Amino acid sequence: MRVCPLNYDVIVNILDNLEPHTPASLLSCALTCHEFLQPSLNLLWRSQDSLGPLIMYTMPKDTWCIKDDYWIHFQKDLYPSDLERLLVYAARIRHLEHNQRRCTFEHHPHWSTLLALMNVCSGSSLLPNLTILDCSLISRLESIDMFIPFLSTLITPRIRRLSLDLPLVDCGDTFLDLMLRECLYCEELVLSSIHPITLTRSPSHIPHLRIFNVEGAVSMTQSAVRCLASKQGLEDVTLNVSSRDETDASPLFDFRDNSTFSSLSHITLHTETLPVSISIMQAISSSCVKSITINIRDYISPSLLLECLETLCSSTSFLSEVHSLTIHRREPREISDSPITLVHLTPIFSLRHLRSFTLKNLGIIELDDASMTSVGQAWPLMEHLVLISAPCPAPPPSQISFNGVISLINWCPNLQGLSIGYDMIMAGKTPRKTHRPKLPGVAAVKS
């Protein structure tokens, strides 16, 4: 009987679903037969969280050594013949990112080691097929300034996902333009830094950019946010908006423009005040927004919270399809004497499809059993509900009893997570039968 050889893609699918999917199992498959050798080695080296294995497992042992119990150094001058085996395996690496399936490698190349490799490669990319790059895995705990010449050779048009650490430079925009000039097909870009850096321009020149996140101490001016808002195709953004520049007297957005954030589905905002976040939300013209996260720093009164939520719900049409809403305050040093009650949450009761809602550290939240019933009636699809008051020296006793929790669960049969202030002393006697509303798609539960 004639044996039909397996297709390469079929073998890759088989190996990619191995259980357990470990380097040892892939190595065993590589030793099975000739047909499994190349696919197994490609998967074995496809995703790495360090360049240490590439040096230690492919280069002659007399060329490198480990100093300070951490960094890999070269102990002699390199020749092209020393890199023949390394270059073969380097071409198999496609992802340089944190790998959840593997243990973190203990030893990593020193910046001088990477520069020596770059010099021997004569300026060509050491990883020619790299598509995902996390620059923090190159610099580790050291300053990224030393690694910039090597990183510039890794950023090629093949990169699809890039996490870039910004160094402490005089002009972050110039450095960003320099690093991204070859990254024309990047779809996901993450910018972070441990140094306070403010960007005045946005990477709107990348045509295929879908996900853009600003993390750490990096922030953007409002003019940069305006430029980014006009970028077509953005689906997921995380923005850290700096405080308003007094020299910028123009409005944040022109609300007559219907092309701002036209494809957005997920947005996370880090701003000083809630009104700045609301003004950005008002400019969204997308009709498919599913998740909203707002993190503010400054103090906000309950009356201002009510005003902002009323403005948001009255001026935006996409909120009816939102599934997740989070409003969180960082470092709540000052809180209002007036509590946040059910009245302040009433404007967002119109979000009938809401499945996750978080209100945390904005002030003292005072709700009772009737409020929990109203919350359940407004959001019957709720799965995760978090209502956490800001820490204070003498918090008032909770007015929510066990009966209020039961009422909420009756109205929200899909509830999976609940975090509220609950007073067990006020639980009282639980009624033997509670009213369970009949909701479409919910099976009756026999008592």
Side-chain angles (χ1 to χ4, degrees), residues 196-198 214-225 237-253 267-284 291-316 319 322 324-349 351 354 356-368 371 375 385-400 419-421:
I197 297 176
T198 301
V214 175
E215 301 175 350
V218 181
S219 62
M220 300 178 64
T221 61
Q222 297 188 10
S223 60
V225 175
V237 297
T238 299
L239 303 178
N240 186 5
V241 185
S242 61
S243 57
R244 186 170 180 83
D245 188 358
E246 296 180 357
T247 61
D248 187 3
S250 59
L252 185 57
F253 289 105
I267 182 170
T268 300
L269 297 174
H270 301 273
T271 60
E272 294 292 329
T273 62
L274 185 59
V276 174
S277 296
I278 298 300
S279 62
I280 297 177
M281 299 298 301
Q282 289 180 281
I284 298 177
S291 174
I292 300 173
T293 300
I294 299 176
N295 292 294
I296 61 175
R297 182 181 296 274
D298 289 353
Y299 161 81
I300 179 173
S301 63
S303 58
L304 181 58
L305 173 64
L306 175 61
E307 180 182 351
C308 291
L309 293 181
E310 289 178 344
T311 303
L312 179 64
C313 294
S314 62
S315 60
T316 54
L319 284 179
V322 171
S324 176
L325 175 62
T326 298
I327 304 177
H328 174 255
R329 183 187 173 198
R330 310 184 301 272
E331 303 175 4
R333 300 187 181 93
E334 178 185 1
I335 59 176
S336 173
D337 295 333
S338 301
I340 299 175
T341 62
L342 183 67
V343 176
H344 302 100
L345 304 181
T346 304
I348 55 177
F349 278 0
L351 311 184
L354 201 62
S356 176
F357 177 64
T358 299
L359 189 70
K360 186 176 181 181
N361 292 341
L362 265 68
I364 302 299
I365 301 177
E366 290 189 2
L367 300 177
D368 53 15
S371 301
V375 169
L385 179 62
V386 178
L387 300 172
I388 299 180
S389 300
C392 62
S398 173
Q399 301 298 318
I400 302 175
S419 180
I420 58 175

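Position 1 is the first residue of the sequence, and the numbers go up from there. Below, each value reflects all heavy atoms present in this structure, side chains not excepted, and no hydrogens, waters or symmetry copies. Because the structure is predicted, anything quoted here is derived from the model rather than measured.
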Next on the checklist: To the closest 0.5 Å, what do you measure between CD1 (Ile278) and SG (Cys313)?
Outcome noted: 8.5 Å
Checklist entry - In Å and rounded to the nearest 0.5 Å, what is the OG1 to OH distance from Thr273 to Tyr299? => result 14.0 Å
Checklist entry - Which atom names give the shortest non-hydrogen contact between Ser389 and Asn361, and what distance separates them? => result O-OD1, 3.6 Å
Checklist entry - Can you find a heavy atom in the side chain of Leu367 that is under 4.5 Å from one in the side chain of Ile420? => result no
Checklist outcome for this item: d(Arg297 CZ, Leu274 CG) to nearest 0.5 Å is 15.0 Å
Checklist entry - Would you say Thr341 and Ser371 make side-chain contact, with heavy atoms under 4.5 Å? => result no
Checklist entry - How about Val276 and Gln222: do any of their side-chain heavy atoms sit closer than 4.5 Å? => result yes
Checklist entry - Which heavy atom of His344 sits nearest a heavy atom of Pro347, and at what distance? => result O-CD, 3.7 Å
Checklist entry - With a 4.5 Å heavy-atom cut-off, do Pro275 and Cys308 have their side chains touching? => result yes
Next on the checklist: Between Leu342 and Val375, is there a side-chain heavy-atom distance shorter than 4.5 Å?
Outcome noted: yes
Item to check | Sub-4.5 Å side-chain heavy-atom contact between Ile365 and Ile388 | outcome: no
Item to check | Between CD on residue Glu366 and CG on residue Leu387, distance to nearest 0.5 Å | outcome: 13.0 Å
Checklist outcome for this item: Between Ser277 and Ile296, the two heavy atoms sitting closest are OG-CG2, 4.4 Å
Next on the checklist: Do His328 and Thr358 have side chains that approach each other closer than 4.5 Å (heavy atoms only, starting at C-beta)?
Outcome noted: no
Item to check | Pairwise side-chain contact, Ile348 with Phe357, heavy-atom cut-off 4.5 Å (strictly under) | outcome: yes
Item to check | Option from Asn240, Thr198, Thr271 for which side chain to side chain donor-acceptor pair (under 3.5 Å) with Ser219 holds | outcome: Thr198
